[in-house]
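The shown structure was predicted, so the numbers you read here are calculated from the model rather than taken from an experiment.
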Amino acid sequence: MSVIEMFVQLQSGLGADQDIREEIRKVVQSLEQTAREILILLQGVHQEAGFNNIPAKCLKAREHFSTVRTQLKELATKFPSDQYYRFHDQWRFVLQRLVFQAAFLVYLESEQLVTREAVCEILGIECDREKGFHLDIEDYLSGVLNLASELSRLAVNSVTAGDYARPLRIATFINELDFGFRLLNLKNDSLRKRYDGLKYDVKKIEEVVYDLSIRGLNKTQTTSEKS
């Protein structure tokens with residue numbers, strides 16, 4: 001084979017790779033748009049009126065996740081099934097964002113931490129990498145860490161809305177989450193940096209709870225709930 005023929009063959013391989021990436025990019029763009037729509041819905045709970053309308057917002061968000069499932073199913077057809085990690089960087093960030101949104105949705109519904117298996121069900125993808133397009137453990141953990149930041153914001157806005165009990169429940173949840181992450185040996189640099197952010201979220205929520213305690217508002221809320 002001549003040098004020219006060799007480079008013609010290489011160009012053919014590069015062209016095929018670029019075509020795959022372009023097809024993936026188109027689907028990812030659609031996913032990002034759907035993710036923005038879900039985020040707008042869920043972040044509506046931060047408004048004072050939003051606290052009274054959480055179930056309706058969650059129901060609407062779940063409807064949008066049906067679109068996400070369709071888009072992810074399409075995405076899985078755009079590359080060879082055995083080359084997931086070759087193209088992973090193209091959808092990693094939007095997938096982490098969707099994990100966060102699924103986690104926030106489940107928290108608003110039940111005040112529980114969504115499992116990786118439940119996220120896979122919401123997104124319509126696999127948990128087992130051997131079965132095809134799946135949710136990588138590190139992508140799941142990254143999404144959960146983003147949830148902590150959103151809940152610290154929710155704690156502050158709950159006080160503004162006059163809901164003084166919610167920050168106490170959020171504080172308990174975030175402390176348990178922090179303890180859980182302490183059990184992990186995080187070797188991924190990005191995850192370690194995000195975990196450092198969790199410490200600030202814990203501190204921020206503790207400050208909210210402390211302020212409520214100083215003002216006696218947590219006792220007032222507890223008394224009103226008992227009555």
Side-chain angles (χ1 to χ4, degrees), residues 31-32 34-47 50-51 53-55 57-62 64-65 68-69 72 91-125 127 134-161 163 165-184 186 188-209:
L31 270 171
E32 289 172 341
T34 306
R36 282 192 290 270
E37 293 170 3
I38 294 173
L39 185 62
I40 290 171
L41 273 172
L42 293 178
Q43 289 194 331
V45 303
H46 292 293
Q47 302 169 3
F51 283 90
N53 203 24
I54 288 178
K57 291 184 181 298
C58 290
L59 185 62
K60 193 68 176 176
R62 282 196 175 271
H64 278 65
F65 272 109
V68 169
R69 288 191 289 273
L72 286 173
W91 61 74
R92 177 180 57 177
F93 294 113
V94 69
L95 190 58
Q96 291 174 2
R97 198 175 311 134
L98 289 166
V99 170
F100 146 65
Q101 292 169 357
F104 191 30
L105 169 66
V106 169
Y107 180 84
L108 290 173
E109 291 175 335
S110 64
E111 298 192 355
Q112 299 292 319
L113 176 62
V114 69
T115 64
R116 179 167 166 249
E117 290 74 18
V119 174
C120 290
E121 184 177 348
I122 292 171
L123 300 183
I125 59 179
C127 282
H134 62 282
L135 176 58
D136 185 88
I137 293 176
E138 291 181 350
D139 288 340
Y140 166 73
L141 293 173
S142 293
V144 169
L145 285 170
N146 288 338
L147 172 65
S149 178
E150 194 71 20
L151 290 183
S152 68
R153 180 185 174 197
L154 185 63
V156 173
N157 291 328
S158 296
V159 175
T160 304
D163 185 350
R166 189 182 297 271
L168 304 180
R169 300 196 301 272
I170 291 176
T172 299
F173 177 85
I174 290 296
N175 281 321
E176 290 177 352
L177 193 64
D178 181 45
F179 181 76
F181 270 92
R182 289 175 187 271
L183 298 176
L184 301 178
L186 298 177
N188 180 295
D189 288 340
S190 176
L191 270 178
R192 281 205 304 268
K193 289 177 181 177
R194 292 193 184 195
Y195 173 64
D196 288 339
L198 175 60
K199 300 172 187 176
Y200 293 105
D201 294 325
V202 170
K203 182 179 179 181
K204 183 177 180 179
I205 295 170
E206 286 177 346
E207 289 173 351
V208 172
V209 172

| query | Side chains of Y195 and L184: does their closest heavy-atom pair fall under 4.5 Å? | reply | no
| request: Report the distance from atom CG of L154 to atom CG of L42, rounding to the nearest 0.5 Å. | output: 11.0 Å
| Pair I38-L105, side chain to side chain contact (heavy atoms under 4.5 Å, CB included): steps then yes or no | CA-CA 10 Å; I38 294 173; L105 169 66; over 6 Å; no
| note | Between G143 and V99, the two heavy atoms sitting closest are CA-CG1, 3.8 Å
| request: Could you name each residue pair satisfying salt bridge (Lys or Arg N to Asp or Glu O under 4.0 Å) that touches residues 105-125, not counting sequence neighbours? | output: R62-E109, E111-R166, E111-R169
| task | For K193 and D196, run salt bridge (Lys or Arg N to Asp or Glu O under 4.0 Å): C-alpha distance rounded to whole Å, both residues' side-chain angles, the deciding distance at 0.1 Å, then the answer. | result | CA-CA 5 Å; K193 289 177 181 177; D196 288 339; over 6 Å; no
| request: Kindly indicate, with the supporting measurements, whether the criterion salt bridge (Lys or Arg N to Asp or Glu O under 4.0 Å) is fulfilled by R153 and E150. | output: CA-CA 5 Å; R153 180 185 174 197; E150 194 71 20; 3.8 Å; yes
| message | On a heavy-atom basis, which atom in P167 and which in V209 lie closest, and how many Å separate them? | response | O-CG2, 3.8 Å
| query | Do L141 and R194 have side chains that get closer than 4.5 Å, going by heavy atoms? | reply | no
| message | If you define the side chain from C-beta out and look only at heavy atoms, does anything of V94 sit under 4.5 Å from R97? | response | yes
| field | Any side-chain heavy-atom pair of L151 and F104 under 4.5 Å | value | yes
| query | Of I170, V114, L113, which is the lone residue that meets side-chain contact (heavy atoms from CB on, under 4.5 Å) with Y107? | reply | I170
| Check: N175 side chain, A171 main-chain N or O, donor-acceptor pair, under 3.5 Å | yes
| field | Gap between atom OG1 of T34 and atom CG of L98 - 0.5 Å precision | value | 8.0 Å
| task | Step by step, work out the side chain to side chain contact (heavy atoms under 4.5 Å, CB included) result for V106 and I122. | result | CA-CA 10 Å; V106 169; I122 292 171; 4.0 Å; yes
| I54, CD1: over 12 other non-hydrogen atoms inside 6.0 angstrom | yes
| request: Could you tell me the separation between the CD atom of Q101 and the CG atom of L123, rounded to the nearest 0.5 Å? | output: 9.5 Å
| R69 CZ to L72 CG distance, which is reported to the nearest 0.5 Å | 10.0 Å
| request: Could you tell me whether the side chains of E138 and Q96 share a donor-acceptor contact shorter than 3.5 Å? | output: no
| note | Taking every heavy atom of K57 against every heavy atom of L41, the minimum-distance pair comes out as CD-O, 3.6 Å
| note | Between S152 and D201, the two heavy atoms sitting closest are OG-OD1, 3.6 Å
| note | Minimal heavy-atom distance between F181 and L198, with the atoms involved, is CD1-CD2, 4.1 Å
| request: Could you check L39 against F100 for side chain to side chain contact (heavy atoms under 4.5 Å, CB included), going step by step and ending with a plain yes or no? | output: CA-CA 10 Å; L39 185 62; F100 146 65; 3.8 Å; yes
| task | State, yes or no, whether a side-chain contact exists between R92 and D139 at a heavy-atom distance under 4.5 Å. | result | yes
| Does the salt bridge (Lys or Arg N to Asp or Glu O under 4.0 Å) test come out yes or no for R182 and D178, once each step is laid out? | CA-CA 6 Å; R182 289 175 187 271; D178 181 45; 3.1 Å; yes
| request: Check whether any side-chain N or O of S149 sits under 3.5 Å from a backbone N or O of L145 as a donor-acceptor pair, and report yes or no. | output: no
| note | One should read off an interatomic distance between I174 CD1 and I205 CD1, to the nearest 0.5 angstrom, of 4.5 Å
| field | Rounded distance (nearest 0.5 Å) linking atom OG of S142 with atom CG of L147 | value | 12.5 Å
| note | C120 and L135 have their tightest heavy-atom pair at SG-CB, 3.7 Å
